[in-house]
Structure formats: structure tokens, C-alpha cells
Amino acid sequence: MPMVRSDDPLWYKDAVFYQLHVKSFCDSNGDGIGDFPGLTSTLDHIASLGIDCVWLQPMYPSPLKDGGYDISDYTSIHPRYGTLRDFDCFLDAAHARGLRVIIELVLNHTSDEHPWFVDARRSRDSPHRDWYVWSDTDDKYRDARIIFLDTERSNWTWDPISRAYYWHRFFSHQPDLNYDHPAVREEIWKVMAFWLDRGVDGFRVDAVPYLVERDGTSCENLPETHAVMKDLRARLDAHYTGKVLLAEANMWPEDIRSYFGDEDEFHMALHFPIMPRLFLALRREDRTPLLDILARTPSIPASCQWALFLRNHDELTLEMVTDADRQYMWDEYATDPRARLNLGIRRRLAPLLNGDRRQIELMTSLLMSLPGSPIVYYGDEIGMGDNVALDDRNSVRTPMQWTDGLNAGFSSADPERLCLPLVSDAQYGYTAVNVTAQQHDPASLLNWTRRLIDVRHSTPVFGRGATTFLTPGNHAVLAFTRTLDQQTILVVCNLAGTAQTAALELGHLGDAVPVGMFDGRSWPRLTPDPYLVTLGPYEFAWLHLKRL
Ligand code: BGC
């Protein structure tokens with residue numbers, strides 16, 4: 001029985017997202033590589049988790065030197081993953097289950113194997129020459145930093161064919177498109193329309209801040225870049241409804257805020273700076289880093305929404321923290337030097353938290369209750385591990401662990417043919433951590449996560465409510481209220497590994513009775529006096545304040 005998707009154009013405010021790469025999810029034809037028919041066969045798992053929208057990482061033809069973020073054809077599917085028809089079947093099957101799907105839009109750059117770039121470098125007079133950014137010297141735009149510090153020495157690379165330098169903010173095989181050229185903007189809109197017409201529900205837009213370059217600037221967040229996005233948004237609004245644009249702008253809160261514009265750029269933006277501060281607050285057993293960054297976060301227009309995440313397909317980025325905090329994070333969370341990459345840590349959630357179920361639950365509860373829409377990274381719902389012996393960010397991109405059988409149920413290929421090796425260590429290997437085993441265990445992380453999402457969905461407060469932070473003297477306790485219309489939810493969390501007590505000032509909320517949202521248990525009625533709460537190690541509670 002097909003589920004009906006909400007026809008509210010602001011659906012993304014209530015949605016829980018699930019991020020995955022088709023390559024690593026499920027292989028249907030036994031070639032060792034995940035594909036669309038495989039992914040389609042697993043939609044029940046995603047739907048049963050309570051997910052509303054799948055964020056699909058790049059599935060385009062690509063030389064795959066950067067996980068597919070190096071696109072060589074924007075209007076097709078990589079043959080390894082299936083055909084356009086397979087994609088359409090997947091999209092229909094997702095929609096039939098009430099799931100939306102957003103795909104990746106890599107605007108900033110193409111692969112150097114894209115026919116546009118092949119033509120552009122062929123000669124200085126070729127029709128696509130100005131679709132990219134060229135220079136006779138490598139000293140323009142000197143104030144632009146290098147992002148992939150571990151591999152790149154310059155943002156310019158010499159092209160021996162046309163004897164000039166081309167500009168790239170990421171890998172040297174990813175030349176930046178030139179957004180000063182109207183034909184580029186036109187072409188990208190055509191790409192968007194191609195996928196929107198097939199029925200996708202929006203885009204996660206990659207590497208947004210870097211679209212336009214200007215000398216004497218950092219070449220990031222420029223007004224001209226905003227103008228490009230405003231143009232694309234206006235076209236989107238003119239032709240479609242209910243679609244979402246999600247910005248990847250790894251920036252400070254005030255800079256990310258600018259990508260919401262006046263409700264005329266992005267609907268959503270990933271809140272990068274919150275993420276490392278959740279990990280900092282946990283290790284320091286002190287809410288201060290989190291509250292500081294939230295205090296620094298400007299309010300956003302009514303139709304806009306933050307996107308929150310704990311982990312994703314990249315390294316846990318530490319670009320938006322101080323040098324001292326970065327060092328602290330490395331010391332605490334990346335003791336194995338192989339776990340470090342660029343300015344980050346290439347590990348998954350469960351191993352970062354030493355596999356401690358209480359810490360995983362606490363962090364996931366924050367993901368689901370702080371202001372914004374949560375994104376779950378595939379595999380984190382079962383506590384999958386990582387493999388830092390693999391290169392680059394492949395450590396956190398290993399195949400999904402479905403069963404304890406051959407290749408974790410991911411593929412019937414010979415194990416050596418898998419796109420990436422399975423995690424197979426004693427603690428996180430697929431014999432110990434897999435979907436099937438957790439389905440059958442009522443107390444599993446999977447079933448706990450389902451319940452958490454279910455409770456989140458029981459009210460629009462988490463997605464839409466106002467947030468007020470309390471400031472009890474005990475900094476190990478994080479407490480806040482979420483309020484929408486007449487409904488208030490109190491969230492209390494113990495960030496420490498020992499029991500903690502805090503006195504909460506809740507007098508202004510009258511004499512409501514806090515009722516546990518998971519167990520229905522009533523807590524003592526609020527009074528004008530400070531409200532004493534005691535929480536066990538890493539314990540949290542979501543409490544409905546009821547007028548009884
Ligand atoms: C993606 C990365 C990718 C980079 C360059 C990012 O922001 O998340 O995985 O390497 O863009 O395309």
C-alpha cells in the first residue's frame with residue numbers, strides 16, 4: 001500500500017534524512033559493486049527506520065577518483081551502478097514507500113575527463129575554453145586557501161596540452177567551472193531540470209562557497225556566488241514546488257547563514273560548526289563549546305532549516321575549530337595517526353565513541369533534538385565500524401553490513417572483488433554488527449534508533465519549535481526546551497561519564513508535569529523553585545511538559 005508523502009512544501013523541516021552511496025549499499029548482480037536494483041531491494045530497511053528522505057551521493061559517470069564527485073556526465077548513471085531506468089525504478093519504489101530522494105549536484109567542478117574540459121583544453125579557441133578558469137601564470141587568486149592540504153600544493157595546475165594553468169579548489173583532476181560564463185549557468189540549470197523532471201525531490205549542492213573567483217579575496221562566499229545561487233533558486237521556484245536545495249558550505253555560522261538569503265537561495269544548509277563541538281562537549285564533559293557556537297548562530301528565515309549530522313562520507317572536518325581545539329580533538333579521537341586526514345578525522349561514529357552504547361545514544365539523541373533536521377549516515381544506525389588501513393576517506397565508506405553471511409549479505413561476489421573490503425575486525429566486523437542480527441534483538445541499536453526517530457516524529461516540535469537553552473551551574477548538564485504553539489519539550493542530557501545533578505530554572509513554565517516521551521513516566525511537577533534533575537552517566541531524557 002503506497003504511503004502518501006506529505007504535500008507540505010516545507011516537508012524538509014520535519015524530515016529525517018539518510019545519506020548513502022549506492023556503491024556501498026547493496027550489490028544485486030554479484031559484481032562486487034552496489035547498484036540501483038540492490039538499493040531498491042533494501043528500501044524496506046530505510047523506510048522501517050523512519051527515514052523521510054534519502055540523500056544519494058554521486059551516481060553519475062565518473063572516473064571515480066573522488067568518490068564520484070568528479071563527474072564526467074551529469075545526465076546519466078555510472079554503468080557500474082545500473083541504468084537510468086534502474087534509477088527511475090529506484091525513485092518510484094522510494095516514492096511508493098513515502099520516501100523522498102535528493103541527489104548530489106556538484107556545481108563547482110567537473111572531472112578532467114568531462115567532455116567540456118577535454119574540449120576546453122584542446123585549444124585556446126575551443127568552444128568550451130571559457131567554461132573553465134585559465135591563467136598564463138599561477139599567481140592569481142593567491143588569497144584562496146588550499147582545501148585538500150594532504151594532496152594539493154596549489155589551486156593551479158599546469159595543462160601541458162593548451163599550455164596554461166587551470167584553477168581547481170579540490171583535486172587537480174577536478175577543474176573548477178567558470179560561473180562568470182552565462183553558458184555554464186544555463187547548462188547547470190538544464191542538468192537540474194533533467195533530474196527534477198525525473199522526479200527527484202531536490203539536491204545536496206556540493207562545495208557551494210567556491211563558485212566564483214575574484215582577485216584580492218579568499219574566493220569564498222562572494223556576492224557573485226550568491227547571485228548564481230539566487231538565479232538557480234528563482235528558476236527552481238518558477239517551475240517546481242516542494243523541492244529542496246541543501247547547501248554544503250563548510251563555513252562559520254554567519255557565512256552559512258548568508259546562503260539562506262531572503263528565502264531566495266537555499267532551503268537548508270548543513271551546520272558544520274556544531275558537529276565537532278558536539279564531540280568536544282562530550283569529551284570535555286562541558287556544554288560550553290556547543291552553547292557558544294549556537295549563540296553565534298544567527299536566526300534563519302521561517303521557511304529555512306539547518307541540517308545536522310554527526311558523521312558523513314568525508315573526514316570529520318575540523319576546519320571550523322581553533323588550532324587548540326583541533327589538537328584536542330586529534331588527541332582524544334584520533335590517537336592512531338592513520339585516523340587523521342587533511343584537517344580532520346576519518347573515522348565512524350561508533351569507533352569514535354569507543355563503541356560505548358550510552359555515548360552513541362546520547363549523541364544520536366542530540367542529533368535528533370537540537371534545532372534542525374537530522375541526517376543519519378548509513379551504517380551508523382547499527383554502529384558500523386571503520387577501517388583506517390584503507391586510503392583517503394574509504395575508511396568510512398565500506399559496504400553496508402546486512403548479515404553475518406558471505407560478504408555481509410552485501411554481494412555474492414568473491415570477497416576480493418568487492419569495491420571496498422568489509423570491516424571484519426572482532427568488535428565491528430559484520431559477524432558482530434549487522435542489520436539482521438539487530439532486527440531480531442529488541443534491545444539493539446537499530447531498534448533503539450527506530451524508536452528514537454518514531455518519538456521524534458510524534459511531534460512537529462523538534463523540526464519546527466523554538467529553542468531556549470538553560471544554564472544550570474553544572475556545565476556537564478545540557479538542558480534546553482523546544483516549544484511550538486502550546487507544546488513544550490524539555491531535553492536534559494548528561495555529557496559526563498559519571499552521574500550528575502543540576503538545578504534547572506523552569507519556574508516560568510508554570511506547574512506542568514514532565515512526562516518521559518519514551519516510557520510515559522511522570523516526573524515530579526514543576527514548581528517556582530529550581531528543578532533538580534539527576535542523570536546517570538551519559539543519560540538523557542526527552543520530557544513533554546504536560547498541564548495535568
Ligand atoms: C564532498 C567531498 C568531495 C569534495 C570535492 C565535498 O565537499 O563532500 O567528498 O571530495 O566536495 O568534490
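Read the numbers this way: they start at 1 and go in the same order the structure lists the ligands and their atoms.
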On the 0 to 90° scale, with breaks at 30° and 60°, tag the Phe25-His45 ring pair as parallel, tilted or perpendicular. tilted
Residues at least two apart in sequence or cross-chain that pass side-chain contact (heavy atoms from CB on, under 4.5 Å) with Gln427, listed by chain then number, are Asp425
Would you say the side-chain atoms of Trp116 and Glu187 include a donor-acceptor pair closer than 3.5 Å? no
Can you list everything that forms a ring-ring contact (aromatic ring centres under 6.0 Å, His included) with Tyr428? Sequence neighbours excluded, please. none
Considering only N or O atoms, set out every pair between ligand 1 and the protein closer than 3.5 Å, with distances to one decimal place.
unit_1	atom_1	unit_2	atom_2	d
ligand 1	7 (O)	Asp206	OD1	3.1
ligand 1	7 (O)	Glu248	OE1	2.6
ligand 1	7 (O)	Glu248	OE2	2.5
ligand 1	8 (O)	Arg204	NH2	3.2
ligand 1	8 (O)	His313	NE2	2.8
ligand 1	8 (O)	Asp314	OD2	2.5
ligand 1	9 (O)	His313	NE2	3.1
ligand 1	9 (O)	Asp314	OD1	2.7
ligand 1	9 (O)	Asp314	OD2	3.4
ligand 1	9 (O)	Arg393	NH1	3.2
ligand 1	10 (O)	Asp66	OD1	2.8
ligand 1	10 (O)	Asp66	OD2	2.8
ligand 1	10 (O)	Arg393	NH1	2.9
ligand 1	11 (O)	Asp206	OD1	3.0
ligand 1	11 (O)	Asp206	OD2	3.1
ligand 1	12 (O)	Asp66	OD2	3.4
ligand 1	12 (O)	His109	NE2	2.8
ligand 1	12 (O)	Asp206	OD2	3.3

Determine which pairs satisfy salt bridge (charged side-chain N to carboxylate O under 4.0 Å, His left out) with at least one residue from residues 126-141, sequence neighbours left out, and list them in order. Arg124-Asp136
Using a 6.0 Å distance limit plus a 45 degree cone around the ring axis, check whether Arg348 lies over the aromatic ring of Tyr378. yes
